[in-house]
There are 2 protein chains.
Amino acid sequence: MKLSTRGRYGLRAMLDLAIHYDEGYIPLRHIAERQDISEGYLEQVFAMLKKEGLVKSARGAQGGYKLSDRPENITVGMILRTLEGSLAPVDCIAESNPTTCSRYDRCVTKLIWEMMRDSINDVVDSMNLKHLVLEYENIDSNR
Amino acid sequence: MKLSTRGRYGLRAMLDLAIHYDEGYIPLRHIAERQDISEGYLEQVFAMLKKEGLVKSARGAQGGYKLSDRPENITVGMILRTLEGSLAPVDCIAESNPTTCSRYDRCVTKLIWEMMRDSINDVVDSMNLKHLVLEYENIDSNR
DNA sequence: AATTAATCATATCAATTTACTAGGAATTAA
DNA sequence: TTAATTCCTAGTAAATTGATATGATTAATT
């Protein structure tokens, strides 16, 4: 039940973009250096974020990535579900493209999985990048 | 963020034991057949459950496994944490033996992971095997 | 005493996933 | 033209998963 580095790195990278929201396009190299993440790997993560429309890009010199919307409009849930797929603990109750299971109708444990899925989604949808930026500034001022 | 079959099979097997709670020791073969799970694999799962004290065993003919306590005293959380380890989405905030991270003090995303961990634990600790048995009987009577 | 049914213990293994790395092609500002 | 950047695809070592295989040990039954 662990998140992969895609989700973890991706959220940190998106927070980095949110912190530098008013600086225009940010090259991946900067994010990779600040967050100590492999740049090549980040490229793949950002391909997913771009495809989902959470960031926009500018190619060429002085190019880079920026958030496609204001930090308060991008939730942690949008980011994590993009990078990890459904946060449901089992595939049969994923929000989209659930796998089929012959036991579906009489499955009792499904109840648990649905409760877990919903509570996880509630948490990640309740937090957006603006919340995290404020927390970042708060931590930073206490050091 | 998916549970492995250990957790899923394990919960189904424990529910099976709970449904047959008053029948003494149940051999794994019966559970494996009813739940359509590999018996050899279930052995490994039950080794973990036994070590954690959630089931007790009797060797030899007429032996098998039974719950170590009444169904209402065994929560889904106890079972899943035994089989999956901490349900925290990242290792640095596991309840026991958290991994260390150089960014721990100034990590903002940690807030999210802690909220996810707590809400997941709340859900699985709020449900016990008796709840699932009642649900099983309810589903069964409607077929 | 022999047989049978069961847990217990350990080793092995194929398939998949993960977290990258490598190598370039395409694009654009300077 | 050059340098900086995204974009694209392929490869890969290590770890994990979900088993299977083999046999030892234990205990009830015959």
Side-chain angles (χ1 to χ4, degrees), chain A residues 1-13 17 20 23-68 80 83-86 89-91 99, chain B residues 1-13 17 20 23-68 80 83-86 89-91 99:
Chain A
M1 270 285 284
K2 292 289 176 279
L3 285 170
S4 69
T5 52
R6 278 219 303 271
R8 291 189 282 122
Y9 290 178
L11 182 56
R12 269 165 58 198
L17 281 187
H20 301 93
E23 297 173 25
Y25 287 94
I26 310 284
L28 273 194
R29 185 170 46 80
H30 292 184
I31 302 177
E33 280 168 8
R34 281 194 291 253
Q35 301 294 329
D36 196 28
I37 298 172
S38 149
E39 187 180 343
Y41 192 45
L42 260 194
E43 279 179 9
Q44 295 172 44
V45 171
F46 271 78
M48 300 177 77
L49 294 169
K50 170 107 194 273
K51 193 174 174 193
E52 187 67 17
L54 296 181
V55 297
K56 44 190 181 180
S57 64
R59 302 180 71 166
Q62 306 301 113
Y65 289 94
K66 64 181 301 190
L67 298 182
S68 63
L80 292 183
L83 299 175
E84 300 279 335
S86 167
V90 297
D91 284 328
T99 58
Chain B
M1 272 283 284
K2 291 288 174 280
L3 286 170
S4 70
T5 52
R6 277 219 302 271
R8 290 189 282 122
Y9 290 180
L11 182 56
R12 269 166 59 198
L17 281 187
H20 301 92
E23 298 173 23
Y25 287 93
I26 310 283
L28 274 194
R29 186 169 47 81
H30 292 183
I31 302 177
E33 280 169 8
R34 281 193 291 253
Q35 300 294 329
D36 195 29
I37 298 172
S38 148
E39 186 180 342
Y41 191 45
L42 261 193
E43 280 179 8
Q44 296 172 46
V45 171
F46 271 79
M48 300 177 76
L49 295 169
K50 170 106 193 273
K51 193 174 174 192
E52 187 67 17
L54 296 182
V55 296
K56 44 190 180 179
S57 65
R59 302 180 71 167
Q62 311 299 348
Y65 290 94
K66 65 182 301 189
L67 298 183
S68 63
L80 292 183
L83 299 175
E84 300 279 337
S86 167
V90 297
D91 284 329
T99 58

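None of the values given here were measured: they were computed from a predicted structure. Letters go in sequence order (proteins before strands), and every chain restarts at 1.
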message: Check whether A:Glu84 reaches the backbone of A:Leu3 with its side chain - one donor and one acceptor, N or O, closer than 3.5 Å.
response: no
With sequence neighbours left out, the residues meeting side chain to side chain contact (heavy atoms under 4.5 Å, CB included) with A:Ser38 are A:Tyr41
To the nearest 0.5 Å, atom CZ of A:Arg8 lies from atom CG of A:Leu83 at 12.0 Å
Counted 5' to 3', the first and last nucleotides of DNA chain D within 4.0 Å (strictly under) of a heavy-atom of chain A are D:dA4 to D:dA10
Return all side-chain donor-acceptor pairs below 3.5 angstrom for residues 25-35 of chain A, not counting sequence neighbours, or 'none' if the list is empty.
from    : atom 1 : to      : atom 2 : distance (Å)
A:Arg34 : NE     : A:Asp16 : OD1    : 3.2
A:Arg34 : NE     : A:Asp16 : OD2    : 3.0
A:Arg34 : NH2    : A:Asp16 : OD1    : 2.7
A:Gln35 : OE1    : A:Arg12 : NE     : 3.2
A:Gln35 : NE2    : A:Asp16 : OD2    : 3.0

Side chain to side chain contact (heavy atoms under 4.5 Å, CB included) filter on A:Ser68, not counting sequence neighbours, yields none
Letter by letter from the 5' end, nucleotides 2-19 of chain C scores (B base, S sugar-phosphate only, - none; protein heavy atoms under 4.0 Å) ---BSBBB---------B
Do A:Met1 and A:Pro89 come close enough that some side-chain heavy atom pair is under 4.5 Å? yes
All N/O donor-acceptor pairs, side-chain side in residues 44-61 of chain B, below 3.5 Å, sequence neighbours left out:
from    : atom 1 : to      : atom 2 : distance (Å)
B:Lys50 : NZ     : B:Ser57 : OG     : 3.1

